[in-house]
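Only heavy atoms go into these numbers, but all of them, side chains included; no hydrogens, no water, no symmetry mates. Indexing begins at 1, ligand by ligand and atom by atom, following the structure's order.
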Amino acid sequence: MKRINYTFLFLLCAVLPFISCGSSNKNNAQENETEEQALVKAPDFNADSAYTYIADQVAFGPRVPNTAAHRSCGEYLAKKLEGFGAKVYNQQADLVAYDGTILKSRNIIGAYNPESKKRVMLCAHWDSRPYADNGEEKYHHTPIDGANDGASGVGVLLEIARQIQQKAPAIGIDIIFFDAEDYGTPDFYQGMHQANTWCLGSQYWGRIPHVADYKARYGILLDMVGGKNATFYYEDYSKHTANKAMKKIWKTADKLGYSNYFIKQDGGSVVDDHMYVNQLRQIPCVDIIDYNPNTDTGFNPTWHTIDDNIKNIDKATLQAVGQTVMTVIYNEK
Ligand code: AHN
Ligand code: ZN
């Protein structure tokens, strides 16, 4: 009868894991490396399509709350999201502006794969500013087309919605169009200047989200993503509250060849919808916003002027932003 050599067996058991572990460590390292480098190719973002959605919005006229153009455009946006297969939520709210005006507001949310717990939210504001108060004085009370400031982010997101309907990413996506972002106190206002007069729609949604206890891994806010020669720097609030997602986006842009748009340097800090998404819902949210270090405002020269119109929208910028955001979400697992 053969006797089992327990000492040998013990030694074998003790040593084997290390041998296999050693080699599997190496494999893991290699896998991690390739995981770091290889991006899943996302579907091709169509900038012509995004441009059309921007032109459609601008054609309604300035989307200033309490106007017919605003109401009609709201209908258009909800219908578009429905047509692209999203589950649509409409949040109507009466929001109080800096001067006491009640703004009949509407946040519009399109949810894809609403059952999934793995979610990313994409957002933009869809209203346009009632005042061209950064331009010539005679236009300070003229509402702007907001082709870039408002419509560009929404146009890019509608094109992404169309793409998601054709090929779903692995995670759930919520596309949120915030209202009443751009009704903030103008400098010419003689009354009391209060805090938090911008981003009224996202503040409302932050307190009362479209579904109770709404959560997402992170959010991406698109603001002014259609200007000529736009440059997107690390926005300071995003940098401190959504650093991981922010770096991922800029790295992705770099790999896609868009490092002339996505600059890996610090920009300014902006009060924008991403702040309230983060403060009120604890969702890290990155603001992709055109920052121009050479203007007084830090924004595009057309910002809050009557020149923020369709003529100043550049499809190449839409392409860079749209393809980058799509690549980021199609790489989520
Ligand atoms: C302020 O001017 C306070 N925030 C800039 C956010 C903004 C306005 N984005 C578009 N319009
Ligand atoms: Zn604005």
Side-chain angles (χ1 to χ4, degrees), residues 54 57-58 61-65 67 69-70 73 95 97-99 103 105 107 122-135 139-157 176-189 193-203 205-206 219-227 230-238 241 267-279 285-293 295-310 312-313 317 321:
I54 297 169
Q57 293 170 76
V58 170
R63 282 81 61 218
V64 174
T67 66
H70 179 266
C73 187
L95 304 174
Y98 69 92
D99 58 353
L103 306 176
S105 305
N107 291 328
L122 308 175
C123 47
H125 76 90
W126 71 273
D127 62 309
S128 37
R129 181 145 181 82
Y131 319 112
D133 53 344
N134 192 49
Y139 295 125
H140 278 194
H141 290 268
T142 305
I144 63 169
D145 279 354
N148 193 29
D149 190 355
S152 68
V154 171
V156 166
L157 294 184
I176 308 189
F177 298 145
F178 290 124
D179 201 355
E181 187 272 350
D182 232 346
Y183 215 104
T185 316
D187 284 341
F188 61 68
Y189 183 57
H193 283 239
Q194 289 162 295
N196 300 318
T197 62
W198 302 84
C199 309
L200 300 178
S202 57
Q203 293 187 58
W205 176 87
I220 303 176
L221 172 64
L222 303 184
D223 195 2
M224 303 190 266
V225 293
T231 43
F232 308 108
Y233 286 73
Y234 295 146
E235 187 275 327
D236 202 57
Y237 188 85
S238 310
T241 55
S269 178
V270 181
V271 173
D272 211 343
D273 294 318
H274 69 311
M275 249 184 60
Y276 298 98
V277 169
N278 181 260
Q279 284 175 12
C285 189
V286 181
D287 197 1
I288 301 182
I289 184 166
D290 184 1
Y291 172 78
N292 186 330
T295 60
D296 302 342
T297 61
F299 296 122
N300 188 294
T302 66
W303 183 68
H304 293 182
T305 75
I306 55 163
D307 293 327
D308 182 0
N309 55 43
I310 196 73
N312 286 309
I313 294 296
T317 306
V321 173

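The backbone N or O of N134 lies less than 3.5 Å from no partner atom in the side chain of T305, so there is not a single donor-acceptor pair. The backbone N or O of P130 sits nowhere less than 3.5 Å from a side-chain atom of D182 that would complete a donor-acceptor pair. A donor-acceptor pair is defined here as one N or O able to donate and one able to accept, closer than 3.5 Å; no such pair exists between the side chain of D127 and the backbone of R63. Side-chain atoms of D290 do not come within 3.5 Å of backbone N or O of G227 as any donor-acceptor pair.
Protein heavy atom at the shortest distance from atom 8 (C) of ligand 1 is D182 OD1, 3.3 Å. Protein heavy atom nearest atom 9 (N) of ligand 1, with residue, atom name and distance: D223 OD2, 2.7 Å. For atom 7 (C) of ligand 1, the nearest protein heavy atom (residue, atom name, distance) is E181 OE2, 3.1 Å. In terms of protein heavy-atom proximity, atom 2 (O) of ligand 1 is closest to W303 CZ2, 3.7 Å.
Side-chain N/O atoms of D179 and H70 include a donor and acceptor closer than 3.5 Å. A donor-acceptor contact closer than 3.5 angstrom is absent between the side chains of D272 and Y237. Using modelled atom types and a 3.5 Å distance limit, the side chains of D149 and H125 yield a donor-acceptor pair. Defined by atom type and a distance below 3.5 Å, a donor-acceptor pair is present between the side-chain atoms of S202 and D273.
Partners of Y233 by ring-ring contact (aromatic ring centres under 6.0 Å, His included), not counting sequence neighbours, listed by chain and number: Y291.
Between V271 and ligand 1, an N or O atom pair is found at a separation short of 3.5 Å. Taking only nitrogen or oxygen atoms, main chain and side chain alike, H125 does not reach within less than 3.5 Å of ligand 1. Between D149 and ligand 1, at least one N/O pair is under 3.5 Å apart.
Taking the six-membered ring for Trp and thresholds of 30 and 60 degrees, Y98 and Y183 have ring planes inclined between 30 and 60 degrees apart.
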Evaluate the criterion side chain to side chain contact (heavy atoms under 4.5 Å, CB included) for residue pair C123 and F178; output intermediate values, then yes/no. CA-CA 7 Å; C123 47; F178 290 124; 3.7 Å; yes
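Residue-ligand proximity, V270 to ligand 1, at heavy-atom distances under 4.0 Å covers atoms 5 (C), 6 (C).
Under 4.0 Å from ligand 1, not a single heavy atom of R129 appears.
In this structure, H304 counts as a contact residue of ligand 1, since one of its heavy atoms falls inside 4.0 Å of the ligand.
Protein atoms of type N/O/S that fall under 2.8 Å from the Zn ion (ligand 2) number 4 in this view.
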